[in-house]
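Below is one structure, written out as structure tokens, with a few remarks after it.
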Amino acid sequence: MLKLSAVTKRFGMRTVLNAVSLDLAAGEYVAVIGDSGIGKSTLLNVIAGLEPVDSGRIFFQETEITGLGDDQQTLLRREKFGFVFQAFHILPHLTVEQNVALPLLLRNMKQEERVKRIISSVGLAGREQSLPRELSGGELQRVAIARALVGEPKLVLADEPTGNLDPENARQVLALLRAQVNERGAAAILATHSEAAAAGCDRRYRLSAEGLAPLG
């Protein structure tokens, strides 16, 4: 489903991604582990076409992302990808229901039943009309996961989704993300600095200045 071939990304004189290669099949859930600032977010950004690569190629469902124009990349992200951010990026003036519905609005898709289903599946039934300020950190992250999955993406990119959570909420969020990915047959990449967070993934890789290496 996803293939990275010798992807390199530099910022000035600094090489952030050094000839990174990765193959990811449908239904796989892999972790990319690395220290803060090592380039995990950059890796997710280049996969999504948000950052250009300096060399190498990225393919998604046999389409070369690195060969697409800006409009084509935007359409691919909108229709095929789901994002879970560490900082949530929940819009404060919108309700839970409105935040979750945003990806469907952008695609002019019917929303009501699908939005209710996904909100219920992440354990927030009854909170549809709540505003973000009324939610806990764990609940906000559940909203972020619901928003990422409501469009039934083929690829989920989760950037430190438990970084702001206490251990119990982190455990629940990771279990929820794994279950939702499994149910929909999507592939997912979890970028994290936490070995514990990565433990439930199918495969684990460590990102360093030398590149991306598999862990046993």
Side-chain angles (χ1 to χ4, degrees), residues 1-9 15-35 38-68 72-86 103 144-145 147-163 173-216:
M1 176 180 284
L2 178 71
K3 181 179 180 64
L4 280 68
S5 179
V7 170
T8 296
K9 174 66 179 176
T15 299
V16 179
L17 302 176
N18 186 8
V20 168
S21 294
L22 176 68
D23 283 286
L24 185 62
E28 280 195 301
Y29 187 25
V30 306
V32 175
I33 304 168
D35 297 333
I38 199 63
K40 300 186 301 297
S41 295
T42 299
L43 177 62
L44 299 187
N45 286 342
V46 299
I47 290 171
L50 293 169
E51 293 273 3
V53 302
D54 289 292
S55 62
R57 304 170 78 186
I58 302 173
F59 296 86
F60 177 74
Q61 293 184 329
E62 300 184 359
T63 295
E64 186 178 354
I65 297 174
T66 41
L68 297 178
Q72 293 171 303
Q73 289 180 342
T74 298
L75 186 62
L76 180 65
R77 285 192 296 272
R78 185 179 297 169
E79 295 188 348
K80 301 292 187 178
F81 294 175
F83 298 86
V84 184
F85 300 99
Q86 179 179 1
I145 290 173
R147 183 183 58 192
L149 297 176
V150 71
E152 299 182 353
K154 297 301 182 183
L155 177 64
V156 178
L157 303 171
D159 191 2
E160 296 280 11
T162 62
V173 162
L174 289 169
L176 175 65
L177 184 59
R178 177 64 194 245
Q180 293 295 315
V181 167
N182 284 353
E183 287 172 14
R184 285 164 173 76
I189 299 176
L190 170 68
T192 181
H193 65 274
S194 169
E195 297 274 359
C201 293
D202 300 318
R203 289 184 285 140
R204 299 179 302 143
Y205 294 84
R206 181 168 296 281
L207 183 64
S208 68
E210 286 72 41
L212 190 68
L215 295 173

Measure across Val53 and Lys9 and return the closest heavy-atom pair with its distance rounded to 0.1 Å.
CA-CD, 4.4 Å

Measuring from Ser55:OG to Leu17:CG, what's the distance to the nearest 0.5 Å?
10.0 Å

Side chains of Leu43 and Leu4 in contact at under 4.5 Å (non-hydrogen atoms):
yes

For Leu44 and Ala191, the nearest pair of non-hydrogen atoms, with its separation, is CD1-CB, 3.9 Å

For the CD1 atom of Ile58 and the OG atom of Ser5, what is their distance to the nearest 0.5 Å?
10.0 Å

Which pair of non-hydrogen atoms, one from Pro52 and one from Val46, has the smallest distance, and what is that distance?
O-CG1, 4.3 Å

Going through the distances and angles, do Leu68 and Leu75 end up as a side-chain contact (heavy atoms from CB on, under 4.5 Å)?
CA-CA 10 Å; Leu68 297 178; Leu75 186 62; over 6 Å; no

Sort and list the pairs that fulfil salt bridge (Lys or Arg N to Asp or Glu O under 4.0 Å) and have at least one residue in residues 19-29, not counting sequence neighbours.
Lys3-Asp23, Glu28-Arg203

Tell me whether Glu62 at atom CD has more than 12 heavy atoms from other residues, nucleotides or ligands lying less than 6.0 Å away.
no

Grab the two heavy atoms, one from Asn18 and one from Thr8, that are nearest each other, plus how far apart they are.
C-OG1, 4.1 Å

Hey, what do you get for OG1 (Thr66) to CD1 (Ile47), rounding to the nearest 0.5 Å?
11.5 Å

To the nearest 0.5 Å, tell me how far Tyr29 OH sits from Asn182 CG.
9.5 Å

Between Arg204 (side chain only) and Leu215 (backbone N and O only), is there a donor and an acceptor less than 3.5 Å apart?
no

Could you give the distance from CZ (Arg78) to NZ (Lys80), rounded to the nearest 0.5 Å?
14.0 Å

Asp202: which residues meet the salt bridge (charged side-chain N to carboxylate O under 4.0 Å, His left out) condition with it, sequence neighbours left out?
Arg178

Measure the acute angle between the ring planes of Phe81 and Phe83, then classify it against the limits of 30° and 60° as parallel, tilted or perpendicular.
perpendicular

Can you find a pair of side-chain heavy atoms, one from Leu76 and one from Thr63, that are under 4.5 Å apart?
no

What is the minimum heavy-atom distance between Val84 and Ala148, and which atoms define it?
CG2-CB, 3.6 Å

Treating Gln73 as the side-chain partner and Leu50 as the backbone partner, does any N or O pair qualify as donor plus acceptor under 3.5 Å?
no

Just wondering, are more than 12 heavy atoms of other shown residues or ligands nearer than 6.0 Å to CG in Asp35?
no

Of all heavy-atom pairs linking Leu190 and Ala197, the shortest is CD2-O, 3.6 Å

Atom CZ in Phe59, atom CG in Leu2: separation rounded to 0.5 Å?
11.0 Å

Results of salt bridge (charged side-chain N to carboxylate O under 4.0 Å, His left out) for Glu64 - residues two or more places apart only
Arg57

State whether the side chain of Ser21 and the backbone N or O of Ala6 hold a donor-acceptor pair below 3.5 Å, judged by distance alone.
yes

